[in-house]
Structures are given as structure tokens and as C-alpha cells.
Amino acid sequence: MELFTEQVIATILAVVGAAFAFIVPGIGSSKAVGAAGQAGAGVLTEDPTKFVPVMILEALPSTQAIYGFVISFLIVGNIIAGEGLTFGSGLVLFLAGLPVGIVGYVSALWQGRVAISGINLVAKQAGSMIQGVILSLMVEMFAILSLIVSIQIIGKA
Amino acid sequence: MKGSTDTRYVYTISRIRVIEQKMLSPAMLERMIEANSPEEALKVLQDAGYGFAGEGHRVSDYERLLNEEQEKVYQLLMETVPDPREFDLLIIKNDYHNLKVYLKAELSDQEVNSSYLLKPSLIPGEQLADLFRERDFAELPARMTEAVEASFDAFAKTRDPQMVDLILDTALYSHMLELSAEVNSEFVTGLVNTMVDLTNLRILLRTKLINRPWEFMKSFLIAGGSFDSEFYRELHELEFDQIAKAYANTAYSQLLIESMNSLRLSRSLAGFEKLCDNYLVAMLKTTKYSIFGIEPLVAYYLAKEMEIKNVRIIMVGKINRLEQYAIRERLRETYV
């Protein structure tokens, strides 16, 4: 019996896609939220009253990991639901992991920078949380677009 | 300048962004200048949270208050940064100052007055006392050991205490250049380079003002920085008024043009030194919006040093009943 049948290869491709879709933005979000958290702690050491704006800004770069999680969930769902994947479907599912994986990673890191800038902004002017959040959300948009693209690709599998 | 992406300092940077708000604004300095008495001026400082909490200060020991304030900044850095040694280059000038105090006391057979010693320093003043008692300087960083031994030798030959200043000043800047190379930051190397350039420029202007030969100037020049000694030798041969032109294609051209005006009027370097400080403050300000890297930390420490210099100018002025305009004239640009 041949070990690598078409189905096995297709499933492996899809699983790699699912893993990629979560791991890469997950790393990005962890780094970004981690750095923003340190910056937040710096502000709170001096001024504990700024907890709410600092927390909101810190949390923003975590969404990329959530999008990655959604995509990898959908990909894995396709594997189980099907009665054995064709090579073509496996390849499509693998490719579906790329947009959210790559764009999510980059957008998490840069959103992290904007979030830290926002936290420093709040450090100077207590009322500037909204401005900081809005600037940060601009970077969010690219992660959302990559999420949509990934979902559309999954639809073609 | 390329921005740093080193995230190790984000915690300290955000803390600094909060504390920075309490730095003395030009308006607060103005309030100090307009105060009716030194006591009233000191009150502004106390309201701004100067010094360690819970201690009353009298005008007579405002100097201690200023030292405490600088130590506070250094302590913050030491408590929060991953590698405190990177900040050695900020404080070794205090070490070299303390070495001078000890050397001069030793060479003139006097006791060291500990109030002359500066903090923060790499080597605590008390430890220096032990080293000088035993005449064993091996524990000091190599550069300092060399400089101290060279000072003893030079004094034995010339009996001139100025030699101590000369040797230690040169050693200080070489030491700073060495330390700045170990810190992986273009900003920090650029800053120390600029300090060396400006010091050499001051040496050049002073030599020209007092009409001394090149050999005299050469012994003071600090190796390193943006220009070599050949550059300074050529400048030394120029007429005083042409020096600004020789710097025309460098970063210091504007600084020199402005300095020449004040030099022509007074033939004193006070105006030039103020412009140099302003030049450095402008460099420090470039880090105001940085979120990563060591730059904002170094900038904040030095900005605080400059603020304290301003406060000292005002307090000395107030205590000596200087006119307000005379105090204002001496003030440096503020960081905030």
C-alpha cells in the first residue's frame, strides 16, 4: 500500500495551512501585546489611574491571533467534514492560511508599535485614548482584509 | 537617523513619558527668575517634586537638592533597565571629576572635602579615598588607572596642577568614546561624537582668543570625533574671523555663525558655550517620540542634567541678586 496517497498529501497540506494561519499571527500578537504590556506597566507605575485606556490599547494587537484562530478553525473544519480531500482542495486550504498568516503577523507587529505610541500619548495627555485607539485601528484594517481573503479562499476548496 | 527597534526599554520609556510631564517648563523657570527671593525660587522646585520626598530644604543647601534630583533619574534607570552598564558613559564624568578632587588634594597635601564629590558615579567617593590611601589604582577601569598614573608622573615632572586637568579631561572623552562604541546605538555614538567635536571647537576658539601656538592647542585636543588633528591644525593657522567659514560644510556651521557674533562683542566663550548646550538639547529632542531603543533614556538623563544646569544658573543668580535679564541671558533651551 502506498503511504502517501492523494488524500494523505491533501490532508497534510490543509493541516500545515491551518497551523500556519494560527502560529504566525499568534507569534506576532504575542510579541506586540507583550511589548505594549511592558509599556503599559511603565505608565501605570507612575499613574495607576490610567489603567483603562492602557488596557484597551494593549489589547488591540491581539486580534490578529484571533483572526488566525478563526481561519485555522475553518480549515480544520473542512478536513473533517469532507470525505477525503482531493489534492486540489488540500492545496487551496493550504493557500488559505497564507493571507491571514503573513499579513496578520506584520500588522500585529506594527499595530503593537502604534499601540505603544498610543500608550505614550496617554501617558502625556490623559484624554487622548480615543485618538490612540483610532490610529491603532488603521493598522487593524489590513488584518481584517486578510481575514476576508482567507475566508474566500477557503470557500473555493 | 535610523530608529531603533530594541524593545528592551519600553517599560522605562513609558515611565519617562509620564515623569517628563513634571520637568520644568520655560514658564516655571520664568517664575523662578521673577521670584522675589531665593526662598521663593526654591519653592517652585519643591512644588515640582525636586529631590527625595519628605525633606525640607533650605536655600543654603539647594545644591544638595539638585544632586538628589540627578541621582533620582539615575536610580530610575538602574532599577528598570536590562543592562545598567550601558549607562556608565553618562556618569563617568562625575568619576573623573572626583578623581581630580582627590588628585589635587593629594598633590597639595590637603584633606578631601566630601561635599566636592559628585554623585552618581561608577566608583563611590569612599572607595576612592581607600584607593588613594593605598596608592593602588588597579581596581579602577583601565583608562582611569592610566590617567591617574600619568597625572602623578606629569605632576612630578612639571609641578603644574593644570596637567592633572589636562590629562583627566582628555582621558574622560576617550573613555566616553570607548563606552559609546559598546552601546549599540547610532544616536549615542553621534551624541558623544558631537560632544567631542564641540569640546575641540571650544579649545580651538580659546587658543585663538588667547593667541597661543599650535603645540599648546595640540596637547588639549581630544582624539576621535568627526575631524582629525590635521583639520584643527589648518584651522589654527586661520584668522579668527575665518574659522566660521571653515566649518561651513559641517553640521556646526549655524552654531559657529551665531557664536561669532557674541564672540566679537565680548571675547568671552560664555555665549558659545550656551549655544553648544542648545545644540545638544536640540539633538536630545529628536528622541521625544521614540518608542523603542536606549535613545529616550539617554536623552532624558541628559535633558534632566541640562534642566539642573538651568536651575543652578537661576539659583546662583537669585542668591547673588543678579538682574533678571542677566539670568535669562544665561539660560539654556529647555527640553520640554
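Just so we're on the same page: letters track the sequence lines, and every chain starts at 1.
The minimum heavy-atom distance between A/S117 and B/I291, with the atom names listed, is OG-CG2, 3.5 Å. Shortest non-hydrogen contact noted between A/A35 and B/V10 is O-CG2, 3.6 Å. Nearest approach of A/K124 to B/Q21, heavy atoms of both residues: CG-NE2, 3.0 Å. In plain terms, the two heavy atoms of A/V43 and B/S14 that are nearest each other are CG2-CB, 3.5 Å.
The environment of CG in B/N184 is sparse: at most 12 heavy-atom neighbours from other residues, nucleotides or ligands sit within 6.0 Å. Atom OH of B/Y279 is surrounded by more than 12 heavy atoms from other residues, nucleotides or ligands within 6.0 Å.
When each of B/Y289, B/F292, B/Y9 is checked for heavy-atom pairs under 4.5 Å with chain A, B/F292 comes out on top. In terms of non-hydrogen atom pairs under 4.5 Å with chain B, the most contact-rich of A/A39, A/A36, A/A123, A/A41 is A/A39. Heavy-atom pairs under 4.5 Å with chain A peak, among B/I16, B/I19, B/T7, at B/I19.
Between B/R17 and A/E46 there is no salt bridge, since no side-chain N of the basic residue sits under 4.0 Å from a carboxylate O of the acidic one.
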